Amino acid sequence: MHKNSGMTRIQLLILVAIVIIIGVLSYPPWAEYRKVGQADVDVEMLAVAIKKYYKYTQTYPTRLAQLVTDPDIEGWRGPYLKSIPKTPWGGNYALVQENYKVGIAKDHPRVPTKYRIGGIAEISRVYHADAVKGEKYWW
């Protein structure tokens with residue numbers, strides 16, 4: 001009587017190969033999802049800091065650096081952030097004053113075009129004082 005219990009080495013190698021292939025194929029989408037999530041959090045944090053800046057100075061900053069260092073404006077009670085974060089792709093966030101928006105710059109070289117301001121999945125926030133908290137524009 002011959003007992004067949006357990007896996008052969010070939011079966012084990014095939015199983016390990018399948019698990020490795022699934023892991024390799026799922027890493028890029030997971031990595032992008034993580035970067036997009038971090039960028040979304042960063043942009044929300046910047047928008048909240050800009051609203052605080054406006055609350056005390058009654059003006060909007062012209063540069064994001066004004067959230068960290070005193071721009072010599074009456075009413076400034078900062079710093080509103082310890083530092084300005086870099087995008088997860090390694091660049092700077094943009095402040096678009098004509099739209100009251102903070103997000104990823106249109107000319108950022110490493111960010112997929114769809115996530116830049118004006119892209120189909122734009123990562124940005126409106127920071128105007130009358131805007132609803134966390135308001136997003138994805139167009």
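Keep in mind that what you see is a predicted model, and the values were worked out from it rather than measured.
Once rounded to the nearest 0.5 Å, the distance linking OG of Ser124 with CD of Glu44 reads 11.0 Å. A distance of 12.0 Å separates CG in Asp42 from NZ in Lys86, rounded to the nearest 0.5 Å. Rounding to the nearest 0.5 Å places CD1 of Ile104 at 13.5 Å from NZ of Lys106. Taken to the nearest 0.5 Å, the CD1 atom of Ile84 stands 10.0 Å off from the CZ atom of Arg63. From Tyr80, atom OH reaches atom NZ of Lys55 across 10.0 Å, with rounding to the nearest 0.5 Å. Distance check, rounded to the nearest 0.5 Å: OH of Tyr54 to OG1 of Thr59 gives 8.5 Å.
Side-chain contact between Tyr127 and Leu95 is present, with at least one heavy-atom pair separated by less than 4.5 Å. Within the 4.5 Å cutoff, no side-chain heavy atoms of Asn92 are placed close to those of Thr87. At least one side-chain heavy atom of Pro61 sits under 4.5 Å from a side-chain heavy atom of Ile50. By the 4.5 Å heavy-atom criterion applied to side chains, Asn99 and Ile117 are not counted as neighbours. You'll find the side chain of Pro85 reaches within 4.5 Å of the side chain of Leu46, heavy atoms only. The side-chain heavy atoms of His128 and Tyr60, taken from C-beta on, include a pair separated by under 4.5 Å. Considering only heavy atoms from C-beta on, Tyr56 stays 4.5 Å or farther from Trp76 through its side chain. In this structure the side chain of Ile123 reaches within 4.5 angstrom of the side chain of Val36, judged on heavy atoms.
Minimum heavy-atom separation, Ala39 to Tyr93: CA-OH, 3.4 Å.
Gln58 and Tyr53 share no side-chain donor-acceptor pair at under 3.5 Å.
Salt-bridge check for Glu122 with Lys101: passed, with a basic side-chain N closer than 4.0 Å to an acidic carboxylate O. Using a 4.0 Å cut-off between a side-chain N of Lys or Arg and a carboxylate O of Asp or Glu, Arg125 and Asp40 qualify as a salt bridge.
The hydrophobic cluster containing Leu64 also contains Ile73, counting ILVMFWY residues as joined when their side-chain heavy atoms lie under 4.5 angstrom apart, directly or transitively.
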Ring pair (Phe, Tyr, Trp, His ring centres under 6.0 Å) between Tyr33 and Trp30, intermediate numbers included: CA-CA 5 Å; Tyr33 175 78; Trp30 175 80; 8.7 Å; no
Steps toward side chain to side chain contact (heavy atoms under 4.5 Å, CB included) verdict (Gln97, Thr62): CA-CA 7 Å; Gln97 294 175 307; Thr62 55; 3.3 Å; yes
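In the displayed structure, Gln11 atom CD is contacted under 6.0 Å by more than 12 heavy atoms of other residues, nucleotides or ligands.
The hydrophobic cluster around Ile18 extends to Ile10, Ile14, Ile22, counting ILVMFWY residues whose side-chain heavy atoms fall within less than 4.5 Å of a member.
Test Glu32, Lys35, His108 against Tyr115 for side chain to side chain donor-acceptor pair (under 3.5 Å) and you get one pass: Glu32.
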